[in-house]
Amino acid sequence: MASDASPPLVIAHRGDSKREQENSLAAVKAAVAAGADMVEVDVRRTEDGIFVCAHDPDLSRLAGDAQVIADLTLEKVQTIARRARVDVPRLADVLGAARFRTAAGGGIGVLLDLKPELAPADVKRIAEIVWASEMASNAVFGLRDPVLLSDVRSVLPEARTLAFYKNDADFDAFVAGGVDAIRIWDGDQAAMARAQSVGMPIWVTAGGPGTEQPVGAITAERVRALAASGISGLIVDDPLAVSQWLRDIVNGA
């Protein structure tokens with residue numbers, strides 16, 4: 001028997017990081033091919049003010065170089081990346097790829113995980129880049145500070161936002177500020193209950209703290225349980241498998 005409930009959005013964690021290098025243009029394209037609804041990318045700023053997509057503050061894990069991205073120019077970051085045969089794309093290029101895919105059919109949204117060191121002026125500039133890329137209606141701004149809600153909306157009044165909140169006070173401030181959804185870790189049952197108690201849409205990052213899975217990893221059984229709980233989004237490393245599991249649930253398999 002098919003389910004009447006809407007399945008959660010499938011959000012590809014750092015792109016389709018199961019099959020391609022995380023946060024790369026190849027991972028964005030693979031997420032589209034896998035049937036993801038949205039791709040999540042991490043956003044950082046170089047020393048010369050260019051926004052790039054990389055999870056870690058430095059390049060140690062990705063490229064074997066301990067230098068910090070915020071202390072390097074874009075040219076230096078890309079030189080290190082080329083030497084290691086990895087991709088650290090500009091945010092503008094990621095948005096351009098997503099926009100092209102949307103225009104071409106099949107489409108994909110973009111969740112921007114804005115890292116904590118970004119200042120309000122940076123967040124405003126990122127919103128301007130999103131607007132210039134014609135992706136305002138397809139982007140969600142992942143924020144760690146509720147104060148930044150007003151900075152995003154000063155550029156894009158209708159921007160969609162997701163709270164990566166740190167504590168109870170921030171949770172309350174995000175809700176009071178009109179954030180569109182709350183991100184929680186899969187294993188955080190207290191956060192799940194709190195978000196449900198105030199009727200907030202919930203996006204879950206699979207795996208990580210409180211689970212036996214690495215960040216982004218999930219089983220079919222857990223997908224079924226989360227879908228039944230009514231969450232709105234699921235951030236996962238393997239969007240191809242999760243999309244199929246959710247189709248099976250909808251079709252009653």
Side-chain angles (χ1 to χ4, degrees), residues 9 11-15 22-25 27-28 31-32 36-57 69-70 72-74 77 87-103 107-166 170-183 200-201 203 205 232-233 235:
L9 296 173
I11 303 147
H13 182 232
R14 308 179 198 172
E22 65 181 55
N23 281 307
S24 65
L25 289 177
V28 173
V32 176
D37 299 296
M38 183 168 286
V39 57
E40 179 257 0
V41 292
D42 303 289
V43 183
R44 295 189 179 276
R45 182 185 183 276
T46 64
E47 187 275 334
D48 51 345
I50 306 300
F51 299 100
V52 296
C53 295
H55 178 269
D56 300 347
I69 291 172
L72 301 171
T73 64
L74 175 66
V77 168
D87 183 22
V88 183
R90 299 187 312 153
L91 171 61
D93 293 331
V94 167
L95 292 170
R99 183 178 66 82
F100 172 78
R101 292 283 170 165
T102 300
I108 198 162
V110 179
L111 167 59
L112 305 176
D113 183 346
L114 305 186
K115 292 308 182 185
E117 70 272 15
L118 295 174
D122 295 323
V123 172
K124 289 181 180 180
R125 179 61 187 139
I126 289 167
E128 291 169 352
I129 292 169
V130 169
W131 180 84
S133 300
E134 300 179 11
M135 284 291 290
S137 62
N138 295 87
V140 175
F141 291 79
L143 307 175
R144 286 175 165 75
D145 187 339
V147 171
L148 297 175
L149 287 167
S150 61
D151 295 300
V152 172
R153 290 170 182 159
S154 70
V155 179
L156 297 173
E158 303 303 319
R160 292 182 293 162
T161 53
L162 176 71
F164 289 82
Y165 75 99
K166 300 183 294 294
D170 277 357
F171 179 97
D172 292 339
F174 270 120
V175 172
V179 75
D180 293 290
I182 297 286
R183 192 294 301 260
M200 286 299 301
W203 291 18
T205 297
S232 298
I235 304 170

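- Taking both residues in full, the closest heavy atoms of I108 and A98 are given as CG2-CB, 3.9 Å, listed atom of the first, atom of the second, then distance.
- Counting only heavy atoms from C-beta outward, the side chains of I50 and V77 never approach each other to under 4.5 Å.
- Taking every heavy atom of both residues into account, K124 and S154 meet most closely at CE-OG, 3.7 Å.
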For side chain to side chain contact (heavy atoms under 4.5 Å, CB included), just list the numbers for K115 and R45, CA-CA rounded to whole Å, side-chain angles, deciding distance to a tenth of an Å, and then say yes or no.
CA-CA 9 Å; K115 292 308 182 185; R45 182 185 183 276; over 6 Å; no

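- The only member of D113, D170, D42 that meets salt bridge (Lys or Arg N to Asp or Glu O under 4.0 Å) when paired with R144 is D113.
- Residues L111 and I235 meet the side-chain proximity criterion, which asks for heavy atoms closer than 4.5 Å.
- Of the possible polar contacts, one joining the D87 side chain to the L25 backbone as a donor-acceptor pair under 3.5 Å is found.
- When side chains are defined from C-beta on, T46 does not count as touching L72, because their heavy atoms never get closer than 4.5 Å.
- Going from atom CG of L114 over to atom CZ of R44 covers 11.0 Å, rounded to the nearest 0.5 Å.
- F141 and L156 get closest at one heavy-atom pair: CZ-CD1, 3.8 Å.
- At least one side-chain heavy atom of V43 sits under 4.5 Å from a side-chain heavy atom of I126.
- Counting only distance, with no hydrogens or angles, the side chain of D37 and the backbone of G109 share no donor-acceptor pair below 3.5 Å.
- At least one side-chain heavy atom of W203 sits less than 4.5 Å from a side-chain heavy atom of L9.
- In this structure, CG on D56 lies 7.5 Å from CD1 on I69, to the nearest 0.5 angstrom.
- Residues D180 and V140 are not in side-chain contact: their nearest non-hydrogen atoms beyond the backbone lie 4.5 Å or more apart.
- Once rounded to the nearest 0.5 Å, the distance linking CG of D122 with CD1 of I129 reads 9.5 Å.
- Listed for the E40 side chain is a donor-acceptor partner under 3.5 Å among the backbone atoms of R14.
- Closest of all the heavy-atom pairs between C53 and L91 is SG-CA, 4.0 Å.
- Using a 4.5 Å heavy-atom threshold, the side chains of L112 and V130 count as touching.
- Atom CE of M200 and atom CZ of F171 lie 7.0 Å apart (nearest 0.5 Å).
- Note that CD of E22 is 8.0 Å distant from NE2 of H13, once rounded to the nearest 0.5 Å.
- Among all heavy-atom pairs drawn from R183 and L162, the shortest one is N-CD1, 3.7 Å.
- When all heavy atoms of H55 and N23 are compared, the pair lying nearest together is N-ND2, 3.5 Å.
- Counting heavy atoms from C-beta on, the side chains of Y165 and V179 never come closer than 4.5 Å.
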